[in-house]
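Order of the sequence lines fixes the chain letters, A, B, ..., with proteins taken first and strands second; residue numbering starts at 1 for each chain. What's counted below: heavy atoms across the whole structure, side chains too, no hydrogens, waters or symmetry copies.
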Number of protein chains: 2
Amino acid sequence: MWGRGILRENVQSSVEECAREILDDVPLAMRAIRSQLRKNGAIEISIPQFRTLVFINRRSGASLSDAAEHMGLTLPSMSAMIDGLVSRNLVMRRTDSQDRRRMTLTLTERGRTTLQRARESTLAYLGGLLESTPAADRAVLVKGMQILKSIFAERSV
Amino acid sequence: MWGRGILRENVQSSVEECAREILDDVPLAMRAIRSQLRKNGAIEISIPQFRTLVFINRRSGASLSDAAEHMGLTLPSMSAMIDGLVSRNLVMRRTDSQDRRRMTLTLTERGRTTLQRARESTLAYLGGLLESTPAADRAVLVKGMQILKSIFAERSV
DNA sequence: TATTGTTATACTCTATAACTATA
DNA sequence: TATAGTTATAGAGTATAACAATA
C-alpha cells in the first residue's frame with residue numbers, strides 16, 4: 001500500500017531535511033494558490049482578503065481588533081484592508097451599540113457568495129491537479145498537511 | 001512505526017479532502033515563514049526577494065526575463081524588484097555584452113551572505129518548531145512536501 | 001518586426017506615528 | 001488613563017500601457 005506512489009521506505013526524517021522541504025515547497029504551493037485565487041472569474045480577491053473573509057464568516061460580528069489579531073496584522077493595516085472590502089461591498093462594518101469604540105464586522109450577501117465561489121474555484125483547481133495523484137499519495141499529503149498545521153497552529157495564529 | 005504520531009489509519013484520501021487541507025494549511029505555514037524571514041537580524045528581506053536571490057544564486061548570470069518567468073511575474077514587476085535588490089547592494093545588474101538588450105543578474109558578496117543568513121535563520125526557526133515532532137511524523141511531512149512539490153512543479157514553475 | 005527592458009501610473013498590503021472617540 | 005479605531009505617510013509588490021533600445 002505504502003510505496004505505490006512517491007512514498008517509499010524512510011519512516012524517519014531529520015529536523016534539517018524536514019525544515020528544508022518546508023522552506024522550499026510551501027512558497028511554491030502558495031504562489032500557485034495565489035495566482036489561482038486572482039482569476040476566479042468575476043470578483044478577484046487576494047489571499048489576505050480571502051483569509052479575512054473566511055475569518056469574518058466564521059466569527060460573524062467580530063471586531064476589527066479580533067480580525068487583526070487573527071491575521072497577525074496591526075490595527076491600521078486591518079483597518080485599511082476592511083476599507084477595501086467595505087468599498088467593494090463584501091463586508092459590513094458597524095459600530096457596536098454596547099461599546100461604541102468597537103466596530104463589528106459581518107459579511108454582506110455578496111461577501112458570502114464571493115467567498116464561497118473563490119473557495120470552490122480554488123478547490124476545483126487544486127482538485128484538478130490532484131486527479132492524477134495516486135490516492136495513497138494523497139493520503140500522505142493530507143497527513144503531512146495536518147502535521148504542518150499542528151506545527152504552526154500554536155505559535156503563529 | 002506508522003501511527004506513533006499523528007498518522008493513523010487512512011491510506012487513501014479523496015481529492016476533495018486533500019484540496020481542502022492544502023488550501024487551509026499552506027497559507028498558515030506561509031505566514032509563519034514570512035514573519036520569520038522579516039526578523040532575520042540585520043538585513044530583512046521579503047519572501048519574493050528571498051526567492052529571487054535563491055534563483056539568481058542558482059542561475060548566476062540569468063536575465064531579467066529568466067527571473068520573471070521563474071517567479072511568474074511580469075517584466076515590469078521583476079524590473080522593479082531588481083531595482084530594490086540593486087539599490088540595497090544585494091544584486092548586480094549588467095548589460096550582456098553579447099546581446100545588449102539583456103541584463104545579466106548576479107549576486108553581490110553581500111547578496112550571498114544575506115541569502116545564506118536568511119536561509120539558515122529560517123531553517124533554524126523551522127527546526128525549532130520541529131524538535132518536538134516525532135521523527136515518524138517528520139518523515140510523513142517530508143513525503144507530503146515532496147508530493148506537494150511534484151503537484152505544483154510542472155504548472156506553476 | 002520581434003525581443004528585452006524601463007518608465008509611468010495605479011492599486012493592494014503592510015508598517016509606524018499621530019490622532020480621535022469612547023470607556 | 002486605557003482601549004478601539006482612523007488618518008497620514010511611506011515603502012514593497014504587483015499589474016497594464018506606453019515607450020526605448022537592440023536584434
Side-chain angles (χ1 to χ4, degrees), chain A residues 27 30-40 43-53 55-56 61-88 90-105 118, chain B residues 27 30-31 33-40 43-53 55 61-88 90-105 114 118 156:
Chain A
M30 193 60 188
R31 197 153 48 76
I33 294 173
R34 177 183 299 117
S35 83
Q36 174 58 25
L37 212 49
R38 304 199 117 212
K39 43 175 131 100
N40 256 343
I43 303 176
E44 297 184 3
I45 57 178
S46 68
I47 293 261
Q49 287 172 335
F50 177 74
R51 283 175 41 78
T52 302
L53 293 182
F55 174 75
I56 298 175
S63 72
L64 195 66
S65 296
D66 294 337
E69 188 189 357
H70 173 78
M71 299 276 292
L73 297 181
T74 61
L75 268 175
S77 296
M78 183 51 81
S79 184
M81 170 134 51
I82 296 296
D83 279 348
L85 293 171
V86 167
S87 77
R88 296 171 67 181
L90 300 174
V91 165
M92 259 183 311
R93 172 177 42 188
R94 276 177 301 199
T95 302
D96 184 333
S97 50
Q98 254 67 59
D99 181 343
R100 297 172 50 71
R101 291 171 305 181
R102 309 184 98 227
M103 305 305 289
T104 62
L105 305 173
Chain B
M30 192 61 186
R31 199 154 48 77
I33 294 173
R34 176 182 301 118
S35 83
Q36 174 57 25
L37 212 47
R38 302 200 117 210
K39 44 175 131 102
N40 257 341
I43 303 175
E44 296 185 3
I45 57 178
S46 68
I47 292 262
Q49 287 173 334
F50 176 74
R51 283 175 43 78
T52 302
L53 293 182
F55 174 75
S63 72
L64 196 66
S65 296
D66 295 336
E69 188 190 357
H70 173 78
M71 298 278 292
L73 296 182
T74 61
L75 269 175
S77 297
M78 183 51 82
S79 185
M81 171 133 56
I82 296 296
D83 280 347
L85 293 172
V86 167
S87 78
R88 296 171 67 181
L90 300 173
V91 165
M92 258 183 310
R93 170 177 43 186
R94 274 176 303 199
T95 302
D96 184 332
S97 50
Q98 254 69 59
D99 182 343
R100 296 172 52 71
R101 291 172 304 182
R102 309 184 100 227
M103 305 304 289
T104 62
L105 305 173
T114 297
S156 59

Measure from [atom1] on [X] to [atom2] on [N] and round the result to the nearest Å.
| X | N | atom1 | atom2 | value |
| --- | --- | --- | --- | --- |
| A/D66 | D/dT3 | CG | C1' | 13 Å |
| B/L85 | D/dG11 | CG | P | 17 Å |
| B/I82 | C/dT4 | CD1 | C1' | 14 Å |
| A/I47 | D/dA12 | CD1 | P | 23 Å |
| A/I45 | D/dT14 | CD1 | P | 18 Å |
| A/R51 | C/dC13 | CZ | P | 13 Å |
| A/R94 | D/dA4 | CZ | C1' | 18 Å |
| A/M71 | C/dT12 | CE | P | 15 Å |

Is there a side chain to side chain contact (heavy atoms under 4.5 Å, CB included) between B/M78 and B/E69 once you walk through the steps? CA-CA 9 Å; B/M78 183 51 82; B/E69 188 190 357; over 6 Å; no
Shorter than 3.5 Å, N or O on both sides, protein versus nucleotides 7-9 of chain C: list them out with atom names.
none

Of all residues at least two apart in sequence or in a different chain, which pass the salt bridge (charged side-chain N to carboxylate O under 4.0 Å, His left out) check with [X]?
| X | answer |
| --- | --- |
| B/D83 | B/R93 |
| A/R101 | A/D99 |
| A/D96 | none |

Per nearest nucleotide of DNA chain D, the residue lying toward the 5' end, A/T104 or B/P48, is A/T104
Heavy-atom side-chain contact between B/T95 and B/M103 under 4.5 Å: yes
For [N], take OP1 and OP2 only and decide whether either is under 4.0 Å from a side-chain N or O of [X].
| X | N | value |
| --- | --- | --- |
| A/S63 | D/dA4 | no |
| B/T74 | D/dT14 | no |
| A/R93 | D/dT6 | yes |
| A/Q49 | C/dT12 | no |
| B/R88 | D/dG11 | no |

Base, sugar-phosphate, or nothing for [X], non-hydrogen atoms under 4.0 angstrom?
| X | answer |
| --- | --- |
| A/S65 | sugar-phosphate |
| B/M78 | nothing |
| A/L64 | sugar-phosphate |

Residue pairs meeting salt bridge (charged side-chain N to carboxylate O under 4.0 Å, His left out), one or both in residues 71-82 of chain B, sequence neighbours left out, come to none
Whether B/Q36 side chain and B/I33 backbone form a donor-acceptor pair below 3.5 Å: no
Side chain A/S79, main chain A/L75, donor-acceptor under 3.5 Å: no
Non-hydrogen atoms of A/A67 and A/F55 that approach each other most closely: CA-CE2, 3.4 Å
Pull out every protein N or O sitting under 3.5 Å from an N or O of nucleotides 20-23 of chain D, one pair per line with the distance.
residue : atom : partner : partner atom : Å
D/dA23  : OP1  : B/R100  : N            : 2.9

